[in-house]
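Since the model is a prediction, treat every value here as computed from it, not as a measurement. All values below come from the heavy atoms of this structure, side chains included, with hydrogens, waters and symmetry mates left out. In each ligand, atom 1 is the first atom listed, and ligand 1 is the first ligand listed.
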Amino acid sequence: MIKKICCIGAGYVGGPTCSVIALKCPDICVTVVDKSRDRIAQWNSDKLPIYEPGLDEVVSQCRGKNLFFSTDIETAIQEADLIFISVNTPTKTFGNGKGRAADLKYVESAARMIAEIATNDKIVVEKSTVPVRAAESIMNILRANNKPGVSYQILSNPEFLAEGTAVQDLLCADRILIGGEDTLEGQAAIEELCRVYEHWIPRENIITTNTWSSELSKLAANAFLAQRISSINALSAICEKTGADVSEVARAVGLDSRIGSKFLQASVGFGGSCFQKDLLNLVYLCECLKLPEVGRYWQGVIDMNEYQKSRFSAQVISSLFNTVTDKHISLLGFAFKKNTGDTRESPAIHVAQTLLDEGAILHIYDPKVEEAQIMEDLSPLGLSDLKTRINIYHDAYTATRNTHAIVVCTEWDEFMELDYKKIFSEMTKPAYIFDGRKILDHDNLQRIGFNVQTIGKKLTRAAISRVWGSQTQV
Ligand code: NAD
Ligand code: UDX
């Protein structure tokens, strides 16, 4: 029976996942450890290091009872029956596989720590997203450093939560996937982990596979999801040139029950720490397996996403009379999606960089992203006058005042409820809105007097005058 769990890595996955395990398993003591003192201090404070709806409540219910955040990695490993490895697995930035392969140095260092510290049997669970057969490397490290009387079982238990809905996703997971060795000991370890999840997930939603299927299924799930977005974004480009409306196309296509309606929202492009990284990881795997055609297929999903981000940024510039030099442009939203403060691979970074490159002055507002994070994300541009060309605001009204254009980069609900009449009256004319998330009421904005552009639908003067006759101001 699992009595003590240790999770190495107190990030976007380790923190929420273990908080929910603690909430649902009062009989298990869960300790989340991290090498970052700052992060652990934040987990132990009133302001958690990540913003997730519902997470504060879960943490405050369990912290200090059966949920602990600590930098004492050694004790937590020593005492645990089961250890989750939930460290980051970023794309390699150097050496072999640079720009594509997953960098497994953090996973390896976690495995080495376990090997060094453990003096009794452990179930080690790969929670991080890893290339297929990564469990083999972990096993090699653990078994090569085996102490007498210590045995290990390695399981793969990838996480499918999405940021912004992490708590809900964890509470009502579509499925829990557990991969392990097809041996008596392997099956027993799988059973132990099943029992943890069975505290709140119905048994029929917990599926077990061999280790490699589990590892590959995680990469496959993210690749499929990203592929749907790239598919609808590819169609959005056709819509803009033909008069079709991508929302209508998505609805018509998604109503086919074989296709389904989710993840067909055309956008400025997908962001986040997972899709691009895991696709690149899959492409690299294909190359290593000498499957170049398969690799090219998945690379196409990434290429389409790059195209979409560039296409949208170029559309902003060309609409603003082909020059944005010294123009004031407000960016509404900087996070990669709503309900998170995470900016990793956010399409807003691409848009901001392109506009800055062209000489624009940016006014940025995001409800959850800290100013320091925005400056850090944009500093790789190396602009000497960056500080004077980026202005960060704490509300949308001051951010948009005296600007030539608004670019919506994140679909925050509050952007739908703004008083756009007031905003219009305080902008430089002609005033433009570029809705990269398709969340605004475009007819209403045009009525107010905005020049409106969005993804996957050409908003023409003709279309407006059909609705509003001679009243149109566009
Ligand atoms: P993260 O960067 O937010 O957190 C990782 C944490 O691990 C960091 O706090 C880091 O300090 C810590 N760490 C690294 N090496 C360590 C070590 N040796 N000892 C102690 N702590 C160490 O990353 P994340 O977003 O939580 O992602 C973790 C993994 O989960 C990745 O493999 C990712 O692909 C996968 N994943 C992420 C998401 C997501 O939505 N973010 C969803 C599913 C899966
Ligand atoms: C994703 C997976 O959904 C999750 O299962 C996995 O565990 C981690 O990676 P996440 O990146 O947190 O989760 O968010 P997700 O909701 O998938 O959105 C990713 C990006 O795609 C965001 O930038 C989002 O705005 C964009 N997106 C999503 C679209 O552009 N259109 C859509 O229809 C859906």
Contact check, Arg437 vs ligand 2, heavy-atom distance below 4.0 Å: yes
Nearest-neighbour protein heavy atom for atom 32 (O) of ligand 1, which is reported as residue plus atom name and distance: Thr89 OG1, 2.6 Å
Lys262, Arg228, Lys337: member with heavy atom nearest to atom 16 (O) of ligand 2: Lys337
Under-4.0 Å heavy-atom contact with ligand 2, by part of Thr165 that carries it: neither
Contact partition for Arg344 relative to ligand 1, non-hydrogen atoms under 4.0 Å: side chain
Geometric N/O contact Leu225 with ligand 2, under 3.5 angstrom: no
Proximity of Cys274 to ligand 1 by residue part, where a heavy atom lies under 4.0 Å: side chain
Mode of Ala162 contact toward ligand 2 - side chain, backbone, both, neither (heavy atoms, under 4.0 Å): both
Parallel, tilted or perpendicular: rings of Trp298 and Phe224 (30°, 60°): tilted
Part of Lys218 within contact of ligand 2 (heavy atoms, under 4.0 Å): side chain
Atom 16 (C) of ligand 1 [closest protein heavy-atom partner, distance rounded to 0.1 Å]: Val87 CG1, 3.6 Å
Option nearest atom 19 (C) of ligand 2 (shortest heavy-atom distance, choices Tyr12, Phe263, Phe275, Phe270): Phe275
Option set Lys438, Glu159, Gln265, criterion heavy-atom distance to atom 32 (C) of ligand 2, minimum: Gln265
Identity and distance of the protein heavy atom lying nearest atom 18 (N) of ligand 1: Ser109 OG, 2.9 Å
Distance flag, aromatic centroids of Tyr393 and His363, threshold under 6.0 Å: yes
Thr129, any N or O under 3.5 Å of ligand 1 N or O: yes
Arg39 N/O under 3.5 Å from ligand 1 N/O: yes
Proximal candidate to atom 9 (O) of ligand 2 [heavy atom criterion; set Ser346, Ala348, Ala335, Cys274]: Cys274
From Gly9, Gly164, Ala221 - option closest to atom 7 (O) of ligand 1 by heavy atom: Gly9
For atom 20 (C) of ligand 2, the option (of Gly271, Gly436, Cys409) bearing the nearest heavy atom: Gly271
Atom pair NE2 (His199) and CG (Leu23), whose distance is rounded to the nearest 0.5 Å: 11.5 Å
Sub-4.0 Å atoms of ligand 1 with respect to non-hydrogen atoms of Glu163: 39 (C), 40 (O), 41 (N)
Ligand 1 N/O within reach of Asp278 N/O, cut-off under 3.5 Å: no
Nearest-neighbour protein heavy atom for atom 24 (P) of ligand 1, which is reported as residue plus atom name and distance: Tyr12 N, 3.9 Å
Side chain, backbone, both or neither: Ser273 near ligand 1, heavy atoms under 4.0 Å: side chain
Option with minimal heavy-atom separation from atom 30 (O) of ligand 1, where the choices are Asp169, Val13, Ile77: Val13
Spacing of Ile439 atom CD1 and Phe415 atom CZ [to the nearest 0.5 Å]: 7.0 Å
Side chain, backbone, both or neither: the part of Asn233 lying under 4.0 Å from ligand 2 by heavy atom: neither
For atom 43 (C) of ligand 1, the protein heavy atom that lies nearest, with its residue and separation: Glu159 O, 3.2 Å
Atom 34 (O) of ligand 1: the protein heavy-atom neighbour that sits closest, reported with distance to 0.1 Å: Lys277 NZ, 2.5 Å
Heteroatom distance test (Asp34, ligand 1): nitrogen or oxygen, under 3.5 angstrom: yes
Atom CG of Asp46 with >12 non-hydrogen neighbours under 6.0 angstrom: no
Neighbour count above 12 (heavy atom, 6.0 Å) for Glu370 CD: no
Protein heavy atom at shortest distance from atom 21 (N) of ligand 1: Lys35 N, 3.3 Å
